[in-house]
Amino acid sequence: MTSIATEAPDIQTTTSARSLIENAVWDGKLFDGDWRSASNAIPIREPATGELLGNVGAFNPADMSSAVARARDGQSEWASWPNDKRAAVMREAARLLEASRKDVVDLIVRETGGVRGKGEVEIQGSIDELYYSAALLIQPEGELLPSPDPRRLSIARRVPIGIVGVIAPWNFPMLLAMRSVAPAIALGNAVILKPDPQTSIVGGAILARMFELAGLPKGVFTVTNGGADVGEALVEAAGVRMITFTGSTAVGRRVGEVAGRNLKRVALELGGKSPFIVLDDADLDAAASAGAWGSFLHQGQICMASGRHIVQRKVADDYIELLARKAAALPVGDPFRENVAIGPIINAKQIERVHKIVGDTVAAGAELAAGGTFEGLYYKPTVLARVASGMPAYELEIFGPVAPVVIVEDEEEAIRVANDTEYGLSGAVQTGSLERGLRVARQIRSGLVHINDQTIHDMAGIPFGGSGASGNGSRFGSTTNHDEFTEWQWMTIGSEPTRYPF
Ligand code: NAD
């Protein structure tokens, strides 16, 4: 078995930070405040090479009620800690992650197959989430309400929800877990995290080690490694009061149904088919660069990826040529050992799906302007020109490095095509006119929209989320986190007992 720690001998960090990535701590184990040996293991392989990175302990769904009992005990202690002490734990967790940045980025690159820049964005976003969560604890915790009786105070106060279940995907496993885990914990909840079984080291084990070393009380953070059966057990579990789920729309619908039946609050962050509009007065070089980034970053395996390039006819030929030239020039290969822009697709099933969508779209009449081939898990950046309604690449979320280009006549048609999808996560407009940009952007039905930029943006401190099939209206971000991860309690206070007529 490969030891990640021994493969990264140039670590220049503190002792405690270094131990964040020591395999011996977590290999074959599960974390519920203590590291416990598991009877089964889940092997984690590097998609670029197939090399074994380590084994995480497999969680048995039958053990969920004991995990919940430990989380309940941990949560009641944690919620009683003063805010400044809780904030200090969150800041210490951020510091530990910061101090082992290089090693964790290496792991993100190897485990997810993303390039180094993507890994750096992911760790910085995770660190930011921790610091922003600490900052939530200096915000007001409630409101003083008007009281009809001057002898009684009437207060609305925010209280923790209790135990929050977090289910995360494999594409940004650390960040997409952290954006729920950090605020939920900071605000006094316990969290049971279920990472994706393909990425449970950076998506679970490293977070567990980080919180352990940061001094989080036992039971406040638990990692339950496994697949759909463990996820279902978490959503069903009595005592888990809220579920946040980031993943596909199909699974999100199922999670929403089960959570609804169990009367749980549920935050669903799902798939996307985000429009990238190029109007005829856009700077075409900038637009092609932004469009390539929006469709090819992390091999297109991003919920906010630009899913349709909607281009006005007057500039369409030039735009397609520029985009195809960029696609053909992007180096593809192992992102850990080579300097490339495009790494591997996460698994063989996914690459087959991408290739089928490309093939079926060409068979339906689209033109292949670049790419369209693959070797192993490496799919060439692909441009599909003249894609039209009804073709698979027009309709489906692809989750691969494919840019479908749809030609439109005018602004009205661009808006109509942009909204011709059940998804509503992100959108972007490229134009030389701010007035046109605003006019078009305002009419795109999505949770996020950018003028003269591309569709992939997220950061701590913004209200992140989608509409339609992209989510159920939850928003993660600095101020919205208070709404997501606490509930209101109305409290009235009087120094004298109230007297009643009977
Ligand atoms: P997925 O839905 O297959 O899996 C997501 C997680 O759900 C994994 O941890 C998986 O093990 C778990 N899971 C699977 N079946 C389950 C069940 N029945 N009950 C409970 N949990 C279950 O998604 P994926 O393939 O990992 O990720 C890709 C999808 O996620 C894409 O559609 C992408 O757009 C979406 N995504 C959305 C966002 C966002 O913020 N909106 C971010 C990243 C990815």
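Ligands are counted one by one from 1 in listed order, and the atoms in each one are counted from 1 as well.
Ligand 1 has an N or O atom lying under 3.5 Å from an N or O atom of Lys194, backbone or side chain. Between Asn171 and ligand 1, no N or O atom pair is found at a separation short of 3.5 Å. In terms of N/O distances under 3.5 Å, ligand 1 is not approached by Gly227. Of the N or O atoms in Trp170, one or more lie within a sub-3.5 Å distance of an N or O in ligand 1. Between Phe245 and ligand 1, a contact under 3.5 Å exists for no N or O pair. Of the N or O atoms in Thr246, none lie within a sub-3.5 Å distance of an N or O in ligand 1. For the pair Val255 and ligand 1, the shortest N or O to N or O distance does not fall below 3.5 Å.
Between the side chains of Arg45 and Gln198, no donor-acceptor pair of N or O atoms lies under 3.5 Å. Side-chain contact annotation: Tyr132 with Asn481, donor-acceptor N/O pair under 3.5 Å absent. Judged purely by distance below 3.5 Å, without hydrogens or angles, the side chains of Thr455 and Ser306 pair a donor atom with an acceptor atom. Between the side chains of Glu212 and Trp35, at least one donor N or O sits under 3.5 Å from an acceptor N or O. The closest side-chain donor-acceptor pair between Ser180 and Thr244 falls under 3.5 angstrom. No donor-acceptor contact under 3.5 angstrom links the side chains of Ser126 and Glu129, judged on distance only.
Given atom 40 (O) of ligand 1, the protein heavy atom at minimum distance is Arg179 NH2, 2.7 Å. The nearest protein atom to atom 12 (C) of ligand 1, hydrogens excluded, is given as Ile167 CG2, 3.7 Å; this is a heavy-atom distance. Of the protein's non-hydrogen atoms, the one nearest atom 42 (C) of ligand 1 is Cys303 SG, 3.1 Å. In this structure, the protein non-hydrogen atom closest to atom 27 (O) of ligand 1 is Pro169 CB, 3.7 Å. Nearest protein heavy-atom neighbour of atom 1 (P) of ligand 1: Ser248 OG, 3.6 Å. Among protein heavy atoms, atom 16 (C) of ligand 1 sits closest to Val251 CG1, 3.3 Å. Counting protein heavy atoms only, atom 4 (O) of ligand 1 is closest to Asp196 OD2, 4.4 Å. Protein heavy atom at the shortest distance from atom 28 (C) of ligand 1 is Phe399 CE2, 3.5 Å.
A cation-pi arrangement is not found for Arg353 relative to Phe399, the charged atom failing to lie both closer than 6.0 Å to the ring centre and inside a 45° cone about the ring normal. Because its NZ or CZ atom is not both nearer than 6.0 Å to the ring centre of Phe276 and within 45° of the ring axis, Arg308 does not count as a cation-pi partner of that residue. Remark: Arg110 is positioned above the aromatic ring of Phe336, its terminal NZ or CZ atom under 6.0 angstrom from the ring centre and at most 45 degrees off the axis.
Atom CZ of Arg36 is surrounded by more than 12 heavy atoms from other residues, nucleotides or ligands within 6.0 Å.
Classification of the Tyr379-Phe374 ring pair by plane angle, with boundaries at 30° and 60°, yields parallel. Aromatic ring pairs are classed by plane angle as parallel below 30°, tilted from 30° to 60° and perpendicular above 60°; the pair Phe221 and Phe31 is tilted.
Test Val105, Ile108, Leu207 against Val202 for side-chain contact (heavy atoms from CB on, under 4.5 Å) and you get one pass: Ile108.
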Next item on the list: Could you please spell out the steps behind the salt bridge (charged side-chain N to carboxylate O under 4.0 Å, His left out) verdict for Arg116 and Asp106?
Entry: CA-CA 8 Å; Arg116 186 156 296 277; Asp106 280 355; 2.9 Å; yes
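Residue contact check: Gly231 has heavy atoms under 4.0 Å from atoms 19 (N), 20 (C), 21 (N) of ligand 1. Close approach of ligand 1 to Pro197 is summarised as follows: ligand atoms under 4.0 Å from at least one heavy atom of the residue are 11 (O). Using a 4.0 Å cut-off to heavy atoms of Leu425, the atoms of ligand 1 that qualify are 41 (N). Residue contact check: Phe464 has heavy atoms under 4.0 Å from atoms 40 (O) of ligand 1.
In Met304, neither the side chain nor the backbone holds a heavy atom less than 4.0 Å from any atom of ligand 1. When heavy-atom distances to ligand 1 are checked against a 4.0 Å cut-off, Ala168 comes that close only through its backbone atoms N, CA, C and O.
When the heavy atoms of Ile398, Leu176, Leu270, Leu234 are ranked by distance to atom 41 (N) of ligand 1, first place goes to Leu270.
Within the 4.0 Å heavy-atom shell around ligand 1 one does not find Gly466. In this structure, Gly465 does not count as a contact residue of ligand 1, since none of its heavy atoms falls inside 4.0 Å of the ligand.
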